[in-house]
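I have placed the structure first, in the form of structure tokens, so that the comments after it can refer back to it.
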Amino acid sequence: MTKETLEWRDRAREVARKVVLPNAWKYDRLQEYPEVIREAMASAELMKVWIPEEYGGAGGGVLDLCVVVEELSRCCGGTGVLFAVNALGSFPILLAGTEEQKQKYLPGIASGEKLIAFGLSEKGAGSDAGGLEASATKDGDDFILNGLKKWNTNGPAADINTVFAVTDPESKSRRVSAFILEKEMEGYSVPYVEDKMGIRCVPVGELKLENCRVPKSQLLGGKAGLGFKHAMMTLDRARPGVASQAVGLAQGALDFALLYATQRHQFGKPISAFQMIQKELADMATKVEAARSLVYSAARAVDAGDPSLTKLAAMCKYFATDVAMEVTTNAVQIFGGNGFMRDYPVEKYMRDAKITQIYEGTNQIQRLVVARNLIKEAAGLAHLEGFIPVPEELR
Ligand code: CAA
């Protein structure tokens, strides 16, 4: 890691330990947005990390973003996504926005003054992200948006929302466009807020667009029809962030389990003296380390623009989030009966971990993305063909 990346990690660790950890369980119970954490993140300038310097940011990359998300999530998984979702919402603007859109929106996000969300999913379009129904109909120089967006993470708190809607229902590959919406726009509302199992400090809502008229200047990049591609490119860059949330959650649960195992006595010994507990701790730590390495590799690939970034982002997302589910569940097991109780810390880690296997593309979809990319790569294996005997009738 570079000196800058290590500085980001240390800065995030300080905020996480001083502000996130003492507040995490309170806001989990209240299911309320933690303004105190938001202020601490903004004053430590964490929201600048992924935004280029020319737009008020610090010019860091996805690896820098990942180390920050990991540290925050180690203390509270909800806080990890409460932070990272701002990167998800702003990546489309960074990737495809016009210069004017970048100048208008990115500085407010970098300063922490504005929060942003990402509105892709709908009731009938989850894994099938291309199957959107929300519409954006052209009317003179404006677009009129109608529809419902589901599972809009951060939506109820966000000032800005990058929203995907159908502009050309007849087209197969140019059906969808992205729009930058502001919460004050007429016809924009978030009337429903979900009651969730985990990540309870970040609000998830249903975004309603009812004859929401916006000028053409809100069309991302000023060009219609590129929305699906931009959504996919965004997810490639954001999935390592979810994977970092998972690594942080897993590490945090392991930290607690390790400490507890050295303190809890049974049969006259700390339970860490028993080999079955040792085996669990060793496996947990090894899997967390493996997940972390894969996440960092994927983040580096994204930062370098490596052609394998889509595959690596999907790999690290499903691997790290499956590890997080396993490790947080095993942490509860090590805590035994106490692990199941709300006044002990680990059950929250397990609840927070579950969503990481689902959002930003389910882990089933990630495996599909990896497999599709692998199959494409098979074309590069022609040099091995002669070594596989193929019966004449199958040629
Ligand atoms: N980068 C650039 N372009 C891409 C791409 C990528 N990674 N993946 C696909 N595309 C392009 C293709 O090249 C193709 O382009 P052309 O039409 O020009 O040929 C087009 O997009 C369609 O591609 P596919 O045929 O592969 O599309 P598909 O319908 O089979 O879907 C999918 C592919 C991978 C299943 C995709 O729908 C997907 O990722 N689904 C999961 C959706 C998801 O992750 N949702 C998360 C919501 S956000 C969220 O959860 C946030 C939160 O709460 C915090």
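Just so you know, residue 1 is the first one in the sequence shown, and it goes up from there. Counting starts at 1 for both ligands and their atoms, in listed order. It should be emphasised that the depicted structure is a prediction, and the values quoted were computed from it without experimental measurement.
On a distance-only criterion, Asp128 and ligand 1 share no N/O pair closer than 3.5 Å. Among the atoms of Tyr359, none of the N or O lies under 3.5 angstrom from an N or O of ligand 1. Between Asp236 and ligand 1, at least one N/O pair is under 3.5 Å apart.
Asn161 and Lys183 share no side-chain donor-acceptor pair at under 3.5 Å. Between the side chains of Asn373 and Glu377, no donor-acceptor pair is found at a separation under 3.5 Å. No side-chain donor from either of Asn146 and Glu210 sits under 3.5 Å from a side-chain acceptor of the other.
When side chains are defined from C-beta on, Arg239 does not count as touching Tyr318, because their heavy atoms never get closer than 4.5 Å. Within the 4.5 Å cutoff, the side chain of Leu145 has heavy atoms near those of the Val214 side chain. When side chains are defined from C-beta on, Tyr55 does not count as touching Ile93, because their heavy atoms never get closer than 4.5 Å.
Shortest contact from atom 26 (O) of ligand 1 to any protein heavy atom: Arg372 NH1, 2.9 Å. Nearest to atom 22 (C) of ligand 1 among the protein's heavy atoms is Phe228 CE2, 3.5 Å. In this structure, the protein non-hydrogen atom closest to atom 17 (O) of ligand 1 is Ser173 CB, 3.2 Å. Closest protein heavy atom to atom 49 (C) of ligand 1: Glu360 N, 3.5 Å. Ranking the protein heavy atoms by distance from atom 2 (C) of ligand 1 puts Met233 CG, 3.6 Å first. Regarding atom 54 (C) of ligand 1, its nearest protein heavy-atom neighbour is Thr153 OG1, 3.5 Å. Nearest protein neighbour of atom 47 (C) of ligand 1, counting heavy atoms only, is Ser121 OG, 3.5 Å. Protein heavy atom in closest approach to atom 6 (C) of ligand 1: Met232 CB, 3.5 Å.
The pair Glu71-Arg13 meets the salt-bridge criterion, with a side-chain N (NZ, NE, NH1 or NH2) lying under 4.0 Å from an Asp/Glu carboxylate O. Classification of Asp64 and Arg9 as a salt-bridged pair fails, no side-chain N sitting under 4.0 Å from a carboxylate O. Between Glu206 and Lys149 there is no salt bridge, since no side-chain nitrogen of the basic residue lies less than 4.0 Å from a carboxylate oxygen of the acidic one. Arg292 and Glu70 are joined by a salt bridge, as a carboxylate oxygen and a charged side-chain nitrogen come within less than 4.0 angstrom of each other. Taking 4.0 Å as the cut-off between side-chain N and carboxylate O, Lys216 and Asp142 do not count as a salt-bridged pair.
Close approach of ligand 1 to Leu235 is summarised as follows: ligand atoms under 4.0 Å from at least one heavy atom of the residue are 43 (C), 44 (O). Listed by number with element, the atoms of ligand 1 under 4.0 Å from a non-hydrogen atom of Gly361 are 43 (C), 44 (O), 45 (N), 46 (C). Of all atoms in ligand 1, listed by their number and element, those nearer than 4.0 Å to a heavy atom of Thr310 are 7 (N). Heavy-atom contacts of Val369 reach the following atoms of ligand 1: 34 (C) (cutoff under 4.0 Å). Interface of Ala129 with ligand 1, defined as ligand atoms under 4.0 Å from a residue heavy atom, comprises 37 (O), 42 (C). For ligand 1 and Gly126, the ligand atoms under 4.0 Å from any heavy atom of the residue are 42 (C). Counting the atoms of ligand 1 from 1 in the order shown, those under 4.0 Å from a heavy atom of Phe118 are 48 (S).
Heavy-atom neighbours of Asp141 CG from other residues, nucleotides or ligands within 6.0 Å: at or below the threshold of 12.
By the definition of a contact as any protein heavy atom under 4.0 Å away, atom 44 (O) of ligand 1 is in contact. Within the 4.0 angstrom cut-off, atom 14 (C) of ligand 1 has no protein heavy-atom neighbours. Protein heavy atoms are absent from the space less than 4.0 angstrom from atom 32 (C) of ligand 1.
The option with the heavy atom closest to atom 18 (O) of ligand 1, from among Lys229, Lys311, Lys150, is Lys229. Nearest to atom 51 (C) of ligand 1 by heavy atom, out of Leu88, Val85, Leu309, is Leu88.
Remark: aromatic rings of Tyr27 and Tyr33 are distant, center separation not under 6.0 Å.
Using bins of under 30°, 30° to 60° and over 60° for the plane-to-plane angle, the ring pair Tyr260/Phe335 lands in the parallel bin.
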| task | Tell me, with the steps shown, if Phe83 and Trp50 meet ring-ring contact (aromatic ring centres under 6.0 Å, His included). | result | CA-CA 11 Å; Phe83 170 78; Trp50 70 92; 5.6 Å; yes

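Ligand 1 is never approached by Lys172 to a heavy-atom distance shorter than 4.0 Å. Within the structure, ligand 1 lacks Ala84 among the residues with a heavy atom less than 4.0 angstrom away.
Proximity of Arg239 to ligand 1, defined as any heavy-atom pair under 4.0 Å, is confined to the side chain (atoms from C-beta onward). Residue contacts with ligand 1 for Thr362 are absent, since no atom lies close enough (heavy atoms, distance under 4.0 Å). No part of Val242 comes within 4.0 Å of ligand 1, judged by heavy-atom distances. Contact annotation: for Ser127 versus ligand 1, heavy atoms closer than 4.0 Å belong to the backbone alone.
Looking only at distances, a side-chain donor or acceptor of Arg11 sits under 3.5 Å from a matching main-chain atom of Ala44.
Minimum interatomic distance between Gly225 and Ser177 (heavy atoms only, all atoms of both residues): N-OG, 2.8 Å.
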